[in-house]
Amino acid sequence: MKKVIVFCGILAAVVLAAGGLEAQENAALGVMLNHYAARNFAAGEVGRADLERVIQAGIRSPSASNRQPWRFTVVRTQSLARRIVPNIAEGNVLIVISAQGDGRTNGREILDCGLAAESMYLAAQALGLGSRIYTGPIDAVNSQLKAELGLPQGHSAVVLVRVGRLASQADAASAASPRRAADETVVYK
Ligand SMILES: Cc1cc2nc3c(=O)[nH]c(=O)nc-3n(C[C@H](O)[C@H](O)[C@H](O)COP(=O)(O)O)c2cc1C
């Protein structure tokens with residue numbers, strides 16, 4: 001009898017663990033299928049714990065030969081952040097991802113930094129925050145702000161991730177941009 005109870009206990013634990021894993025997978029897929037580039041940020045602090053989770057997601061990203069070429073410069077000073085993205089809301093954080101090279105011809109590093117940007121962008125949304133990726137301000141950052149940002153010698157900024165509080169969930173409906181259909185973009189061989 002005791003053996004039957006132990007067996008049932010183990011079986012229940014395995015079933016629960018499998019269910020938990022499935023729920024986790026669905027949560028990850030949910031973020032990947034429902035994310036959007038936030039437009040309406042609200043003023044308000046991004047909590048330290050959330051910010052650290054977002055940064056960890058970047059650090060944990062894959063990179064070619066696991067070289068992890070990135071540096072994450074986390075800009076919380078509003079006056080500096082506004083010089084990069086002028087309409088920044090109070091409390092928004094800009095994460096400047098840089099790597100060795102000119103930011104234009106170092107293709108491998110650019111891809112790695114792009115993956116880290118995507119990880120942080122998705123992690124922020126998984127935490128209920130708004131996020132947006134930017135490359136528009138990169139040339140200005142590299143020509144004017146490298147020293148002020150303290151980028152490592154030889155680094156150039158590649159991409160930025162903005163993280164902040166969302167003004168409202170209505171942002172999702174208004175900002176959702178259409179995607180090209182699978183029959184236009186996918187080929188099976
Ligand atoms: C590599 C990259 C660069 C981007 N650069 C900018 C930018 O400079 N300014 C901006 O407002 N949005 C920028 N975006 C956000 C895109 O415009 C946005 O992800 C895209 O239009 C899809 O929008 P949606 O997620 O709301 O559907 C960038 C996105 C990516 C992936």
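Indexing begins at 1, ligand by ligand and atom by atom, following the structure's order. Since the structure is predicted, the reported quantities are computational estimates derived from the model, not experimental observations. Below, each value reflects all heavy atoms present in this structure, side chains not excepted, and no hydrogens, waters or symmetry copies.
Per-residue contacts place S177 under 4.0 angstrom from the following atoms of ligand 1 (heavy atoms of the residue considered): 23 (O), 24 (P), 26 (O), 27 (O). Annotation for ligand 1: atoms under 4.0 Å from non-hydrogen atoms of G136 are 7 (C), 8 (O).
For the pair R132 (side chain) and A38 (backbone), a donor-acceptor distance under 3.5 Å is present.
Between R132 and ligand 1, at least one N/O pair is under 3.5 Å apart. At a 3.5 angstrom cut-off on N or O pairs, Y36 does not count as close to ligand 1. Looking at ligand 1, you won't find any N or O of R39 less than 3.5 Å from one of its N or O atoms. Looking at P137 next to ligand 1, no N or O pair under 3.5 Å apart turns up.
Atom CD1 of I95 sits about 10.5 Å away from atom CZ of R76, to the nearest 0.5 Å.
A donor atom on one side chain and an acceptor atom on the other are found under 3.5 Å apart for S131 and Q125.
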Is there a side chain to side chain contact (heavy atoms under 4.5 Å, CB included) between V75 and R82 once you walk through the steps?
CA-CA 10 Å; V75 181; R82 276 204 183 103; over 6 Å; no

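Between E118 and ligand 1 there is no heavy-atom distance shorter than 4.0 Å.
Residues passing the ring pair (Phe, Tyr, Trp, His ring centres under 6.0 Å) test with Y134, sequence neighbours excluded: none.
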Report, one line per pair, each donor and acceptor closer than 3.5 Å where one atom sits in a side chain of residues 107-114; sequence neighbours left out.
unit_1 : atom_1 : unit_2 : atom_2 : d
E109   : OE2    : R67    : NH2    : 3.4
D112   : OD1    : A64    : N      : 3.0

